[in-house]
Amino acid sequence: MSVPNVVVHRDADVLAKAVAARIITRLVDVQSARGSASLVLTGGTVGIATLAAIAATPARDAVDWPKLDIWWGDERFLPSGDPERNETGAREALLDRVDLDPARVHVMRGPDSGMSAEESADAYAEELRKAARPEDHGPVPSFDVMLLGMGPDSHVASLFPGNPAVYDTRSVVAVHGSPKPPPVRISLTFPTIHAAREVWVVAAGEEKAGAVRLALSQDSGQVQVPAAGARGSRRTLFLLDRAAAGKIPAGLGRIASP
Ligand SMILES: O=C1O[C@H](COP(=O)(O)O)[C@@H](O)[C@H](O)[C@H]1O
């Protein structure tokens, strides 16, 4: 797994625009090399603001949208169209504004599908398994970029400190008893996160500063500090605003937008 690099931007607005620019560049690079690319989305404030920033920039036209696979790191187990679903926010901010292939938008299904949370998690695991290629050497694709928001409690995706989901070795899991509403969610697990080539943790705001410090500490474990387990196989970035970076040791973060 890769050692995290930290990049600090002036505020949440600049952060979202800078992450949007990074995503576009990365997708264009991967598509130039391989034809298609994969992006794992997150919910949350910076995650959705980043998608809106992609939609707002003319550079979005550089991406070959029909050749992009969209996945989610987690989803709140709520019916389609519910405003609290990560999918709903992503569709409004970006997905409904670009020319994606609907078959490549891989949604985690909610209760309106008739499935239980466990069945939905199993269905997503199966979709991932089918998308995995021999060169991925495992049951999930080696995603090109996985975006992960982070809560003040250091949760990433829907992996909350001490929840049984943090121990799970399947690729996708149903999460019960989430301390942040709603209580039932679907989440990728650590083995799936670690299979991503690049993991980018995005966080803004003073309330995240303690969790960021813990996530970057070598003394933290992913059971109690899930963001400490947010690591990609080739690259890990912590993309922060100044407030979220306020408690990291001096010299760790590179100030990109003073
Ligand atoms: O519930 C969730 O929260 C996190 C972080 O959200 P934020 O609003 O504090 O930025 C998010 O990354 C995750 O996808 C989502 O389901």
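Start at 1 and go down the list; that is how both ligands and their atoms are numbered. All of these numbers come straight from a predicted model, not from anything done at the bench. Residue indices begin at 1 and follow the sequence shown.
- Judged purely by atom type and a 3.5 angstrom limit, Arg235 has no side-chain atom pairing as donor or acceptor with the backbone of Arg231.
- Under 4.0 angstrom from ligand 1, the non-hydrogen atoms of Arg185 all belong to its side chain.
- Only the side chain of Asp74 comes within 4.0 Å of ligand 1, counting heavy atoms alone; its backbone N, CA, C and O stay farther away.
- Atoms of ligand 1 found under 4.0 Å from any heavy atom of Gly149 (numbered from 1 in listed order, with element): 12 (O).
- Of the N or O atoms in Ser158, none lie within a sub-3.5 Å distance of an N or O in ligand 1.
- The pair Arg133-Asp136 meets the salt-bridge criterion, with a side-chain N (NZ, NE, NH1 or NH2) lying under 4.0 Å from an Asp/Glu carboxylate O.
- Atoms of ligand 1 lying under 4.0 Å from at least one heavy atom of His155, given by number and element, are 1 (O), 2 (C), 3 (O), 4 (C).
- Look at Arg129 and Glu126 and you find a salt bridge, because one of the NZ, NE, NH1 or NH2 atoms lies within 4.0 Å of a carboxylate O, short of that distance.
- Classification of Asp101 and Arg104 as a salt-bridged pair fails, no side-chain N sitting under 4.0 Å from a carboxylate O.
- Ion pairing between a basic and an acidic side chain is recognised when a charged N comes within 4.0 Å of a carboxylate O; Asp153 and Lys180 show no such pairing.
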### Task
Determine, step by step, whether Glu198 and Arg234 satisfy the salt bridge (charged side-chain N to carboxylate O under 4.0 Å, His left out) criterion, reporting the C-alpha distance in whole Å, the side-chain angles of both residues, the deciding distance to 0.1 Å, and the verdict.
CA-CA 6 Å; Glu198 300 209 4; Arg234 296 200 188 156; over 6 Å; no
### Task
Could you give me the CA-CA distance, side-chain angles and deciding distance for Trp71 and Tyr124, then say whether ring-ring contact (aromatic ring centres under 6.0 Å, His included) is met?
CA-CA 10 Å; Trp71 301 89; Tyr124 211 65; 5.7 Å; yes
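- Residue contact annotation: Glu75 has no non-hydrogen atom under 4.0 Å from ligand 1.
- Remark: ligand 1 atoms within the under-4.0 Å shell around heavy atoms of Gly44 are 6 (O), 7 (P), 8 (O), 10 (O).
- Close contacts between ligand 1 and Lys208 involve ligand atoms 7 (P), 9 (O), 10 (O) [criterion: under 4.0 Å to a heavy atom].
- Looking at Asn86 against ligand 1, only its side chain comes within 4.0 Å, counting heavy atoms.
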